Amino acid sequence: MLTKIGIENFRVFKSNTETNLAPITILTGTNNSGKSTLQKLLFLLSRSVEKVNSRFNFNMLNFDSEVITQIDTFSRNLNYDSESDTMVLSLGVKDRLYKSLTLKLKYKPMPPAQVVSLYHIEIENEGKILFDFNYTPFIEILDRWEVKDLDEREKNGYNDYFAWELNPYLDVPRLLEAVYSLLMHEKISEIRQNDIYRIGVRINNRRELDIDEEKRKEQLEQEGISFNDPKAHEHFQMLMIESDDPYPTELFVWDDKKDEYFEFDHDLKASCKVYYDENSDNLIPTRLYELVTQTEDFFTCMIDDIAVAELRNTLIQNNILTIEAFLEAYQLFEFGLIFFNIYYRQLETSPPTYGGIQEHYDLVLESREFVNFFMNENSGPKTIEKFVSSIADEHNNIVAKILMSDLYKKLFSITITSKKGKNPTNQILFPYIKNNSRPGSYEEEMANLGQIAQKMQDAITQPVKQLGQALYDFTHNIQFALHRSEMNRYYFYSSVKKEDQLFVDFGRQYLQKTYKATSRKYFIDHWLKEFELGDELVVKPILAGSSEVGISYYLKNGETEYPIGDNGIGANMVLLLIIRIAMAVKGSTLILEEPECNLHPAFQSKLADMLVYAQNNYDLKFIVETHSEYMVRKLQYLVANKDSKIEAEDIAVYYLNNPKKIPFGKKQVERLEFRTDGMLKQDFGEGFFDENARWTIELLKLQSPN
């Protein structure tokens with residue numbers, strides 16, 4: 001999900017300016033301050049973000065004829081006071097792995113055709129750069145490889161080629177630590193969810209908990225988890241009625257700290273299937289790890305099995321004498337596997353041989369989208385064995401050496417028991433297993449390592465894929481502002497204009513009595529009455545003989561029907577807005593441009609009621625450009641009124657100053673935050689709320705000159 005949009009060097013915004021995308025986002029301020037810039041940017045992105053074969057592409061900004069007609073060329077959209085030819089987008093994304101990320105995308109005209117292209121991506125978490133990607137001239141990569149055997153003709157052949165690459169000058173230890181922490185957090189979260197589910201099901205079924213489960217239940221209750229909770233039972237009954245899932249997970253658990261129903265995350269469970277153990281001290285489960293850590297007194301106990309005894313001797317000969325020393329060596333192995341996965345292409349592929357211009361190294365693949373390049377399709381057992389061998393050889397890691405040994409393969413013929421205790425002859429002791437996916441053979445364990453390796457690669461590619469999905473979903477579910485003031489009386493199917501399609505679609509659906517049209521008809525009629533436009537909307541077919549050739553709209557007031565268009569401009573604009581909201585797709589965003597125009601102040605404040613109602617009932621989001629103090633004041637009241645179901649964090653208000661006239665001590669764009677009581681934490685800009693009071697005082701001065 002897209003959470004914020006920032007822009008740098010675009011129109012009036014020279015430096016980076018960010019806007020959080022709340023359910024209701026209000027843009028207000030002086031004229032010529034950039035309130036419409038966000039809409040222009042979103043229009044450009046809606047024409048640029050593509051979905052091709054289930055993948056998302058945002059490599060280029062598409063300045064086609066329609067975009068140029070609406071917002072002009074790329075160069076004329078750059079800030080007039082900037083000498084840079086680069087436009088920077090900052091996009092906030094809610095990510096399942098990283099929780100919250102900011103991705104900075106840099107675009108500029110690129111050779112040979114000077115198409116406005118993405119050439120740099122930075123991925124930040126909590127204000128720190130995790131990693132970044134460069135669209136690098138291929139000749140630079142050849143120089144870095146110190147390729148000496150190219151003649152000038154061959155070198156010139158690569159001048160117009162570029163390749164995406166992970167920045168080779170990154171702080172590698174910090175990157176590895178970030179990926180490791182990320183995956184560990186995911187694993188521990190899934191272990192916790194599994195514990196809650198397992199204990200919750202046993203309690204629901206009135207089954208007795210064992211000692212370990214009782215202890216874990218007490219820990220979870222201290223964390224705010226309430227089992228068999230009445231509120232959870234009530235919420236589950238609502239889920240059964242409203243959920244799209246015909247079989248929601250039956251779990252009566254309430255999270256008191258979050259004051260919400262504990263919903264089972266099936267995606268998390270599926271993602272963590274490869275972590276079949278319940279160990280929260282290591283990332284990668286292997287039979288070796290379980291043998292050493294789950295056998296009591298492993299380094300000193302009696303061991304009858306020859307293979308296990310030899311394995312222990314191998315560890316001791318390499319100065320691994322304690323569990324602590326083993327855990328340290330094991331974590332180095334885990335970090336090594338992350339390293340080899342992230343830098344796979346750089347380390348595992350030798351520089352190319354050049355027989356001609358067409359025989360490029362496979363980095364140069366202009367037709368492949370950004371994410372595709374970084375995805376390593378081959379994470380099978382053979383590849384993983386190659387990785388582990390490299391870790392053993394290049395890092396001299398004893399854990400990797402053991403995992404690649406014939407001795408280790410013998411462990412898979414030993415009987416498994418699940419109770420912890422002293423190690424009897426021919427048995428290895430393993431802890432509780434969450435599922436039945438524990439590898440039963442060496443080949444299966446290597447395959448499982450391959451799936452974990454894929455997750456390590458996903459940690460690098462996931463943010464870009466998530467951004468593509470979020471950008472596409474957001475920009476392709478926007479209703480842009482309509483630059484018109486009224487609906488037509490009649491719509492004929494043979495001559496429907498693009499801007500009229502919404503009203504034609506609604507009318508046809510209503511005549512066909514589809515569920516959406518009939519259910520949203522209540523919304524339309526309710527707000528027609530609230531704005532005193534009529535009692536209900538009437539839709540009729542236009543017939544030519546027995547054929548339906550169009551539709552006509554009427555407003556019914558009492559027993560009389562009036563054709564649409566007989567009202568004033570303000571009333572017609574409200575009617576347009578009501579139908580736009582009624583026909584909007586759930587989860588979409590509507591951009592409203594000064595919806596208060598030609599409306600009485602009382603109706604301007606009523607707009608706030610309608611937006612909050614639509615947001616609560618239809619999960620719609622709004623970006624509103626407005627000069628209406630009445631609408632903002634009503635939103636303040638609705639936040640303070642607990643019956644209105646809108647919270648302070650659901651509304652983001654931004655006051656924009658003219659970049660040439662920014663008041664002293666102010667920013668070009670100021671975020672105005674609501675308190676829970678509806679009051680604002682910051683002051684509005686001069687000339688908004690204070691304008692009425694200022695002229696009232698001036699009038700009083702004229703009445704009383706002394």
Side-chain angles (χ1 to χ4, degrees), residues 1-7 13 16-29 33-39 41-42 45 89-95 99-103 258 260 467 470-471 473-475 477-481 577 580-581 584-596 605 607-629 631-642 644-656 667 669-682 684-685 688:
M1 183 177 75
L2 212 60
T3 59
K4 69 177 179 182
I5 295 180
I7 188 65
F13 300 114
N16 183 48
T17 304
E18 295 184 349
T19 303
N20 288 337
L21 297 172
I24 299 177
T25 302
I26 302 293
L27 306 176
T28 189
S33 58
K35 293 188 296 298
S36 63
T37 297
L38 180 59
Q39 181 175 182
L41 173 64
L42 292 176
L45 291 176
L89 277 174
S90 297
L91 301 164
V93 178
K94 270 192 175 179
D95 182 272
K99 303 304 179 187
S100 179
L101 290 173
T102 298
L103 291 89
K258 296 181 179 179
E260 64 184 23
L467 175 62
L471 260 180
D473 290 346
F474 184 76
T475 58
N477 285 291
I478 291 178
Q479 281 191 23
F480 291 96
L577 177 56
R580 284 182 65 200
I581 292 174
V585 176
K586 182 179 179 180
S588 61
T589 299
L590 279 72
I591 298 180
L592 312 183
E593 197 169 43
E594 299 182 5
E596 73 275 9
S605 66
L607 284 172
D609 293 298
M610 184 168 65
L611 299 188
V612 169
Y613 180 94
Q615 201 284 313
N616 282 330
N617 289 277
Y618 304 132
D619 190 27
L620 300 179
K621 297 179 176 61
F622 297 92
I623 298 174
V624 186
E625 302 171 28
T626 183
H627 293 287
S628 174
E629 66 168 296
M631 184 160 58
V632 176
R633 284 293 193 207
K634 187 59 176 289
L635 286 172
Q636 290 181 258
Y637 167 80
L638 293 174
V639 166
N641 184 350
K642 301 308 178 186
S644 66
K645 298 181 181 179
I646 191 81
E647 304 293 337
E649 58 267 22
D650 294 331
I651 302 174
V653 179
Y654 291 89
Y655 191 91
L656 286 74
K667 300 176 183 177
V669 177
E670 294 276 350
R671 169 79 185 270
L672 306 178
E673 299 172 280
F674 280 23
R675 298 189 329 208
T676 55
D677 62 0
M679 302 303 289
L680 291 169
K681 295 181 181 180
Q682 300 85 7
F684 250 90
F688 197 82

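For the single chain, residues carry numbers from 1 onward in sequence order. Because the structure is a prediction, the values reported are computed rather than measured.
Between Arg671 and Tyr654 there is a side-chain heavy-atom pair separated by less than 4.5 Å. In this structure, the side chains of Ile26 and Thr626 come closer than 4.5 Å at one or more pairs of heavy atoms. Using a 4.5 Å cut-off on side-chain heavy atoms (C-beta onward), Leu42 and Thr589 make no contact. Residues Val624 and Pro595 form a side-chain contact, since some pair of their non-hydrogen atoms from C-beta on lies under 4.5 Å apart. Counting heavy atoms from C-beta outward, Leu680 and Phe674 have side chains that approach closer than 4.5 Å. A heavy-atom distance below 4.5 Å is found between the side chains of Lys35 and His627. Side chains of Gln479 and Ile591 form no contact here, defined as non-hydrogen atoms less than 4.5 Å apart. Between Leu103 and Val93 there is a side-chain heavy-atom pair separated by less than 4.5 Å.
The local environment of NZ in Lys642 is crowded, with over 12 non-hydrogen atoms from other residues, nucleotides or ligands closer than 6.0 Å.
Between the side chain of Ser90 and the backbone N or O of Gly6 there is no donor-acceptor pair closer than 3.5 Å. Although no hydrogens or angles enter the test, the distance criterion places no donor-acceptor pair under 3.5 Å between the side chain of Asp650 and the main chain of Ile646. A donor-acceptor pair under 3.5 Å is absent between the side-chain atoms of Glu625 and the main chain of Glu594, judged by distance alone. In this structure a side-chain-to-backbone donor-acceptor pair under 3.5 Å is missing from Asn20 to Ala22. Judged purely by atom type and a 3.5 angstrom limit, Ser628 has no side-chain atom pairing as donor or acceptor with the backbone of Glu596. No donor-acceptor pair under 3.5 Å is formed between the side chain of Asn641 and the backbone N or O of Tyr637. One N or O on the side chain of Asn616 and one on the backbone of Lys645 form a donor-acceptor pair closer than 3.5 Å.
Residues Arg675 and Val639 come closest through the heavy atom pair O-CG1, 3.6 Å. Here the shortest heavy-atom pairing between Ala584 and Leu590 reads CB-CD1, 3.7 Å.
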Kindly determine whether Val632 and Thr28 satisfy side-chain contact (heavy atoms from CB on, under 4.5 Å), including the steps that lead there.
CA-CA 10 Å; Val632 176; Thr28 189; 5.6 Å; no

Where do Val612 and Leu635 land on the side-chain contact (heavy atoms from CB on, under 4.5 Å) test, with the steps shown first?
CA-CA 8 Å; Val612 169; Leu635 286 172; 4.0 Å; yes

Set out, in order, the CA-CA distance, both residues' side-chain angles and the distance that settles side-chain contact (heavy atoms from CB on, under 4.5 Å) for Thr17 and Lys667, then state yes or no.
CA-CA 10 Å; Thr17 304; Lys667 300 176 183 177; over 6 Å; no

Steps toward side-chain contact (heavy atoms from CB on, under 4.5 Å) verdict (Ile623, Leu21):
CA-CA 8 Å; Ile623 298 174; Leu21 297 172; 4.2 Å; yes

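To the nearest 0.5 Å, atoms CG (Leu89) and OG1 (Thr102) are separated by 12.5 Å. From Leu607, atom CG reaches atom CG of Leu577 across 6.5 Å, with rounding to the nearest 0.5 Å. The line from CG of Leu638 to OG of Ser644 is 5.0 Å long, rounded to the nearest 0.5 Å. Atoms CD and CD1, on Gln615 and Ile581 in that order, are 11.5 Å from each other to the nearest 0.5 Å. For the atom pair CZ of Phe13 and CG of Leu656, the computed distance is 5.0 Å after rounding to the nearest 0.5 Å. Atom OG1 of Thr37 is separated from atom CG of Leu41 by 8.5 Å, given to the nearest 0.5 angstrom.
A salt bridge links Glu18 and Lys4; the closest N-O separation between the charged side-chain nitrogens and carboxylate oxygens is under 4.0 Å.
Donor-acceptor pairing under 3.5 Å is lacking for the side chains of Ser36 and Glu593. At a cut-off of 3.5 Å, with distance as the only test, a side-chain donor of Glu673 or Gln682 sits close to an acceptor on the other residue.
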